Amino acid sequence: MPEGHTLHRLAHAIDEQFAGQIVAASSPQGRFADSASLVDNTVLEGAETWGKHLFIGFEGLRHVHVHLGLIGSFQVQAGPPPLPVGQVRLRLEARTPPAYADLRGATTCELVSDEGRRAIVDRLGPDPLREDADPGGAWARIGRSRAPIGALLMDQEVLGGVGNVYRAELLFRHRMHPLRPGNTLRLAQFLAMWTDLVDLMRYGVLTGRIDTVRPEHTPEAMGREPRRDDHGGEVYVYRRHGQPCLVCGAKVRTDTLVARNLFWCPRCQPRFRSRARSR
DNA sequence: CTCACATGTTAAG
DNA sequence: TTAACCTGTGAGC
């Protein structure tokens with residue numbers, strides 16, 4: 001489920017259901033029992049997201065730091081809480097009006113101080129979904145790195161919140177080969193990608209899906225079957241390997257980069273050629 | 001039913 | 001570079 005847009009949606013949902021209220025915190029599964037008891041029945045002041053990190057702030061400058069990892073989920077619901085089903089690592093409950101939130105499968109769920117939160121945030125690159133994000137910080141890394149742009153986009157110290165789907169789709173939309181070295185990009189190219197990423201991710205926050213295809217490539221426009229995939233959105237290349245590119249018809253390719261599946265169109269995203277070739 | 005795999009990250013070798 | 005962690009889903013038997 002989780003790239004940055006998912007975490008921002010969660011922060012909004014938590015604010016909506018719990019902010020300003022005294023909240024019961026428990027750990028039905030037990031692994032978070034000690035920390036849960038420390039914030040139990042205190043005021044939840046607000047939730048905030050930075051990249052893929054969620055911080056739920058309680059009175060006294062204490063934050064529950066959550067990272068969903070690959071398979072975590074945080075279900076936030078209005079209404080009376082049911083009996084916990086499965087391994088609920090953290091449950092929050094509000095009474096007025098009733099609401100609950102169940103955290104499962106997260107890789108991180110810990111109580112941190114204000115300083116602890118700052119230390120985590122300081123290690124993250126700019127988050128395209130935050131108003132205060134400064135793309136210059138990301139460009140400082142990308143513009144002088146020989147690492148592949150496909151790896152840099154996923155590096156949370158470079159950009160906070162980009163995951164495998166946004167990586168693949170952003171590179172496709174900008175006709176950029178994933179292995180192109182970061183330091184061969186021009187600033188204008190990077191800024192165009194950043195602007196696009198902000199748009200795509202904001203749309204993801206609104207809809208809860210990752211949709212990246214332009215109007216002319218939607219299933220309706222092309223008369224093709226809508227794609228039903230886990231992430232639920234319409235995309236150009238992500239997990240479409242072996243299928244025809246929606247733009248040029250070439251077979252979408254796949255490979256592994258930094259231990260993650262990579263997808264790209266070999267025709268729309270040609271290998272980068274250095275300037276030495278021409279002239 | 002069992003198995004592989006997944007929008008992620010860390011730590012060990 | 002690999003394994004480990006944790007849960008849900010879908011494919012295949």
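Worth knowing before you read on, the calculation uses all heavy atoms, side chains too, and leaves out hydrogens, waters and symmetry mates. In this text, all values refer to a predicted model and were calculated from it rather than measured experimentally. Letters A, B, ... are given to chains in the order of the sequence lines, protein chains preceding strands, and every chain is numbered from 1.
- Distance CZ (R239(A)) to C1' (dT7(B)): 8 Å, rounded to an integer number of Å.
- Following rounding to the nearest Å, R104(A) (CZ) and dC6(C) (C1') show an atom-to-atom distance of 13 Å.
- Rounded to an integer number of Å, the gap from N261(A) CG to dA4(B) P is 16 Å.
- Contacts of R31(A) with the nucleic acid, taken as non-hydrogen atoms under 4.0 Å apart, involve only primed sugar atoms and P, OP1 or OP2.
- The separation between L54(A) atom CG and dT9(B) atom P is 14 Å, rounded to whole Å.
- Rounded to a whole angstrom, the distance from the C1' atom of dT1(C) to that of dT7(B) is 23 Å.
- Spacing between atom CD1 of I71(A) and atom P of dA6(B) amounts to 13 Å, rounded to whole angstrom units.
- Between R104(A) and D102(A) there is a salt bridge, with a side-chain nitrogen of the basic residue lying less than 4.0 Å from a carboxylate oxygen of the acidic one.
- Residues C265(A) and F172(A) meet the side-chain proximity criterion, which asks for heavy atoms closer than 4.5 Å.
- In this structure, H63(A) has its ring center at least 6.0 angstrom away from the ring center of F58(A).
- Here dA6(B) presents its C1' atom at 14 Å from CZ of R167(A), a figure rounded to the nearest Å.
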Between the protein and nucleotides 10-13 of chain B, list the N/O to N/O atom pairs that are separated by less than 3.5 angstrom.
none

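- F263(A) places its CZ atom 11 Å from the C1' atom of dT7(B), with the value rounded to the nearest Å.
- Considering only residues two or more places apart in sequence or on other chains, E93(A) meets the salt bridge (Lys or Arg N to Asp or Glu O under 4.0 Å) condition with R91(A).
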What pairs of donor and acceptor atoms, side-chain ones from residues 122-132 of chain A against any protein atom, are under 3.5 angstrom apart with sequence neighbours left out?
{"residue": "D127(A)", "atom": "OD1", "partner": "L129(A)", "partner atom": "N", "Å": "2.8"}
{"residue": "D127(A)", "atom": "OD2", "partner": "H8(A)", "partner atom": "NE2", "Å": "2.8"}
{"residue": "D127(A)", "atom": "OD2", "partner": "G51(A)", "partner atom": "N", "Å": "2.8"}
{"residue": "R130(A)", "atom": "NE", "partner": "D132(A)", "partner atom": "OD1", "Å": "3.1"}
{"residue": "R130(A)", "atom": "NH1", "partner": "E48(A)", "partner atom": "OE2", "Å": "3.1"}
{"residue": "R130(A)", "atom": "NH1", "partner": "T49(A)", "partner atom": "O", "Å": "2.9"}
{"residue": "R130(A)", "atom": "NH2", "partner": "E48(A)", "partner atom": "OE2", "Å": "3.0"}
{"residue": "R130(A)", "atom": "NH2", "partner": "D132(A)", "partner atom": "OD2", "Å": "3.2"}

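- A salt bridge does not link E45(A) to R62(A): none of the charged side-chain nitrogens sits closer than 4.0 Å to a carboxylate oxygen.
- As judged by a 4.0 angstrom heavy-atom cut-off over every strand, G105(A) is placed among the base-contacting residues.
- Nucleotide dT7(B) holds its C1' atom 11 Å from the CE atom of M201(A), rounded to whole Å.
- Ring centroids of H5(A) and Y166(A) are separated by less than 6.0 Å, placing the two rings close together.
- When distances run from any side-chain atom of T107(A) to the nucleotides dT2(C), dC5(C), dT7(C), the shortest one goes to dC5(C).
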